[in-house]
Visitor: 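Quick one: this structure, given as C-alpha cells, is what I'll be asking you about.
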Amino acid sequence: TTGEQVTGEQATGEQGIELPSNMSYGDLGKDVAIKVDDIEISREDFDYFYGIVRKQAAADQGEEALTTPLPNGQGTMEEYLKHVVEEKLILQALMKRDLPEVEVTDEEINKAYEDIVKSQGKDKIEEYFKKVDITEADYKNVLAQSLYEENYRNAYVEKHPGDEKEAQAMWIAQREKLKEYKASHILVSTEEQAQDIIKQLADGADFAALAKEHSKDPGTAANGGELGYQRSEVFVDEFKDAIEHLEVGKISEPVKTKFGYHVIKVDDIRDDFDAWKDRLMQELAMQGFQAHMMQMFQKSTIVLSNDNK
C-alpha cells in the first residue's frame, strides 16, 4: 500500500497539511476526479464508490459521526473516507498499468459472493443491504475491487518470489527465536495430582489417555494434550522455560503457572531451515510487494480534483 502517503491525515488541503510532493489539487474538469500520470479516473467511478463507503459508515456509526471532526486534526470522517477511496482508486490504476493481464472474472465474483451468503446467511445479507441502502450489484462491485487486488498481489508475488539465500540469512539471524516445539501437556489443579500423573507415566501409562481423562485444559484435553508446533515465546514464562530445557520424549517435573500444574512432554523440536523456508520466502515476497507498491506510488504524478476537497 502507500502506507501513510495518501491518508486522511496527509491529503486534507483544508487542514493545512501538505500533500506528498508528487500529489496536488487541480482543476480536472467536471468528469475527472483523479489523474495518475496520464490515467484519468472518472468522477462517476469516484462518486459511485465513495457513495457506497459513505453509506456503510453512516449505517455503522450514524450520519452525525460523518461530519464530526476526527482527533489530531484529521478533518471529518467524510473527508477521511474520500481519501480512502482516492487511495484505493489510485493504487488500482497503478496496478492495472503495471500488470494489465490481471483481471477478476464474473465467476470469481459470484463464487466469492455465494461463499459469503453461505457463511452469513441470505437473510442477514439482505438485511445488511437494506440497512446500508445498497444493492447486490453494489456489494459485488466492491467485492470485485478486493478480489482484483488479491489477484494482482498473487500475480506480482508469483513473478517476484522471495530469494532463498535471503530467506536462509533471515533464518540464521533468528534461528533460536524461530525454533518450534511440538509439545503436549496435562493440566491439573495441585502438585500432588501432577506427581501422580508423572508416576503413572513412569509405569507405562499413555500420555494422551491421561490427558483426556485428567487435564482441565478444555482446549487440548480432547486431543490428548497436544499443543502442536509452537514457538516457545507464545507460552507463559514458566511453561516456556520448561519446554526449552526438555529433551524430546522426556516428561517434565510439575510446572506451576497461573493456570495450575502442568505435566509437559516435548514430542519434537523443529529446528531446520526447510521447516521455515516457504514462510520466510513468502514474507520476503510480501516485503518486495509492499516496496513495489510504494515505489509505483512515489514515482507517479497525482492530481486530485479540487472538487474532491
Side-chain angles (χ1 to χ4, degrees), residues 1-12 19-26 28-29 31-54 56-57 80-113 115-116 134 137-163 166 281-305 307-308:
T1 68
T2 61
E4 296 183 352
Q5 293 291 338
V6 199
T7 65
E9 292 184 46
Q10 291 180 295
T12 308
L19 294 171
S21 60
N22 63 323
M23 292 183 71
S24 62
Y25 283 107
L28 298 178
D31 295 327
V32 179
I34 307 165
K35 191 170 183 181
V36 184
D37 295 329
D38 59 348
I39 305 168
E40 293 183 344
I41 298 171
S42 72
R43 168 62 54 191
E44 182 181 7
D45 282 351
F46 176 82
D47 287 349
Y48 174 74
F49 285 107
Y50 170 67
I52 294 173
V53 170
R54 191 189 184 285
Q56 289 173 323
Y80 172 75
L81 292 175
K82 283 183 181 180
H83 299 308
V84 168
V85 174
E86 286 171 344
E87 177 177 340
K88 181 174 283 288
L89 294 176
I90 289 166
L91 291 177
Q92 291 202 345
L94 292 170
M95 291 175 191
K96 289 173 183 175
R97 181 175 66 184
D98 184 48
L99 295 178
E101 69 274 17
V102 175
E103 59 180 17
V104 57
T105 65
D106 289 342
E107 184 180 358
E108 288 177 289
I109 297 167
N110 290 331
K111 184 182 182 306
Y113 177 73
D115 289 344
I116 292 170
I134 62 173
D138 294 332
Y139 189 84
K140 285 183 175 180
N141 286 335
V142 173
L143 185 59
Q145 286 189 317
S146 297
L147 292 171
Y148 171 77
E149 290 168 3
E150 182 180 343
N151 288 353
Y152 172 85
R153 182 179 63 248
N154 292 340
Y156 180 85
V157 167
E158 185 177 347
K159 288 175 178 285
H160 304 87
D163 182 77
E166 287 185 45
M281 288 181 67
Q282 179 69 14
E283 183 178 335
L284 285 169
M286 290 307 298
Q287 289 175 5
F289 169 73
Q290 296 288 348
H292 175 66
M293 295 302 298
M294 177 70 80
Q295 188 178 54
M296 282 203 303
F297 173 82
Q298 291 176 336
K299 285 185 174 181
S300 61
T301 299
I302 300 166
V303 180
L304 307 174
S305 170
D307 294 335
N308 293 9

Visitor: Are V85 and I34 close enough that some pair of their side-chain heavy atoms sits under 4.5 Å apart?
Guide: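 V85 does not reach I34 side chain to side chain.
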Visitor: Counting C-beta onward and ignoring hydrogens, is there a side-chain heavy-atom pair between I116 and L143 closer than 4.5 Å?
Guide: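 Heavy-atom side-chain distance check passes, below 4.5 Å.
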Visitor: Please list, chain by chain and in numerical order, all residues satisfying salt bridge (charged side-chain N to carboxylate O under 4.0 Å, His left out) with K159, sequence neighbours excluded.
Guide: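 By the salt bridge (charged side-chain N to carboxylate O under 4.0 Å, His left out) rule, K159 matches E101.
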Visitor: Say whether, by atom type as modelled, one donor and one acceptor occur between the side chain of N308 and the main chain of A33 under 3.5 angstrom.
Guide: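 Yes, N308 side chain to A33 backbone: donor-acceptor pair under 3.5 Å.
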Visitor: Looking at side-chain heavy atoms only, is the closest gap between K82 and R54 below 4.5 Å?
Guide: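 No. Closest side-chain heavy atoms not under 4.5 Å.
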Visitor: Just to verify, what does E158 make a salt bridge (charged side-chain N to carboxylate O under 4.0 Å, His left out) with, not counting sequence neighbours?
Guide: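 Partners of E158 by the salt bridge (charged side-chain N to carboxylate O under 4.0 Å, His left out) criterion come out as none, since no residue qualifies.
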Visitor: Do the side chains of I90 and I302 get nearer than 4.5 Å, heavy atoms only?
Guide: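 Touching, per the 4.5 Å side-chain cut-off.
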Visitor: Please enumerate all residues that pass side-chain contact (heavy atoms from CB on, under 4.5 Å) together with S42, with sequence neighbours excluded.
Guide: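 Listed in chain order: E44, D45.
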Visitor: Sequence neighbours excluded, which residues qualify as side chain to side chain donor-acceptor pair (under 3.5 Å) partners of D37?
Guide: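 D37: side chain to side chain donor-acceptor pair (under 3.5 Å) contacts with R97.
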Visitor: Name all residues meeting the side chain to side chain donor-acceptor pair (under 3.5 Å) criterion together with S300; count only those two or more places apart in sequence or in a different chain, and write none if there are none.
Guide: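 Per chain and number, S300 pairs via side chain to side chain donor-acceptor pair (under 3.5 Å) with no residue.
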Visitor: Which residues pass the side chain to side chain donor-acceptor pair (under 3.5 Å) test with Y148, not counting sequence neighbours?
Guide: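 By the side chain to side chain donor-acceptor pair (under 3.5 Å) rule, Y148 matches no residue at all.
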Visitor: Apply side chain to side chain contact (heavy atoms under 4.5 Å, CB included) to the pair E108 and N151, showing each step before the final yes or no.
Guide: CA-CA 10 Å; E108 288 177 289; N151 288 353; 3.2 Å; yes
Visitor: Restricting to side chain to side chain donor-acceptor pair (under 3.5 Å), what partner residues turn up for D115, sequence neighbours left out?
Guide: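 D115 satisfies side chain to side chain donor-acceptor pair (under 3.5 Å) with K111 once adjacent residues are dropped.
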Visitor: In Å, rounded to the nearest 0.5 Å, how long is the span from NE2 of H292 to CD of Q295?
Guide: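 So the gap between those two atoms works out to 7.5 Å.
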Visitor: Nearest 0.5 Å, please: how far is CG in L91 from CE in M296?
Guide: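 Reported value, rounded in 0.5 Å steps: 7.5 Å.
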Visitor: Under the side-chain contact (heavy atoms from CB on, under 4.5 Å) rule, collect the residues that match up with D106, sequence neighbours excluded.
Guide: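 Residues passing side-chain contact (heavy atoms from CB on, under 4.5 Å) with D106: I109, N110.
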Visitor: Would you check if there is a donor-acceptor pair between the side chains of H83 and E86 at a distance under 3.5 Å?
Guide: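 Distance-only check passes for E86 and H83.
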Visitor: Quick one: which residue pairs count as a salt bridge (Lys or Arg N to Asp or Glu O under 4.0 Å) with a foot in residues 138-153, not counting sequence neighbours?
Guide: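 Residue pairs with at least one partner in residues 138-153: K88-E149, E136-K140.
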Visitor: What residues, two or more places apart in sequence or in another chain, satisfy side-chain contact (heavy atoms from CB on, under 4.5 Å) together with A57?
Guide: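 If we apply the side-chain contact (heavy atoms from CB on, under 4.5 Å) test to A57, skipping adjacent residues, the hits are L66, L81.
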Visitor: Using the test side-chain contact (heavy atoms from CB on, under 4.5 Å), find all partners of H160 that sit at least two apart in sequence or belong to another chain.
Guide: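 Y156.
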Visitor: Given side chains that start at C-beta, do those of V157 and M286 come closer than 4.5 Å, heavy atoms only?
Guide: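 Contact flag for V157/M286 side chains = yes.
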Visitor: A155 and V102: which non-hydrogen atoms are nearest, and at how many Å?
Guide: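 Closest pair (atom of A155, atom of V102, distance): CB-CG2, 3.7 Å.
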Visitor: Find the distance between CD (E283) and CD (E166) and round it off to the nearest 0.5 Å.
Guide: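 Going from the CD atom of E283 to the CD atom of E166 covers 11.5 Å.
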Visitor: So which heavy atom on L147 is nearest to which on V104, and how close?
Guide: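 In this case the closest contact between L147 and V104 is CB-CG2, 3.6 Å.
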Visitor: For a quick test of reading the model, state the closest non-hydrogen atom pair linking A285 to G162 and the distance between them.
Guide: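 Smallest heavy-atom distance, with atoms named: CB-N, 3.7 Å.
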Visitor: Side chains of Y152 and D98 only: does a donor on one sit below 3.5 Å from an acceptor on the other?
Guide: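 Per modelled atom types, Y152 and D98 side chains form a pair under 3.5 Å.
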Visitor: Hey, what do you get for CG (N22) to CZ (F297), rounding to the nearest 0.5 Å?
Guide: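 Going from CG on N22 over to CZ on F297, the span is 4.5 Å.
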Visitor: To the nearest 0.5 angstrom, please state how far the CG atom of L89 sits from the OH atom of Y50.
Guide: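 Taking CG in L89 and OH in Y50, the distance rounds to 13.5 Å.
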Visitor: Would you say the side chain of N141 lies within less than 4.5 Å of the side chain of F49, judging by non-hydrogen atoms?
Guide: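 F49 vs N141: side chains touch.
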Visitor: Look up atom CE in M23 and atom OG1 in T301, then write down how far apart they are to the nearest 0.5 Å.
Guide: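 Interatomic distance, M23 CE to T301 OG1, rounded to 0.5 Å: 11.0 Å.
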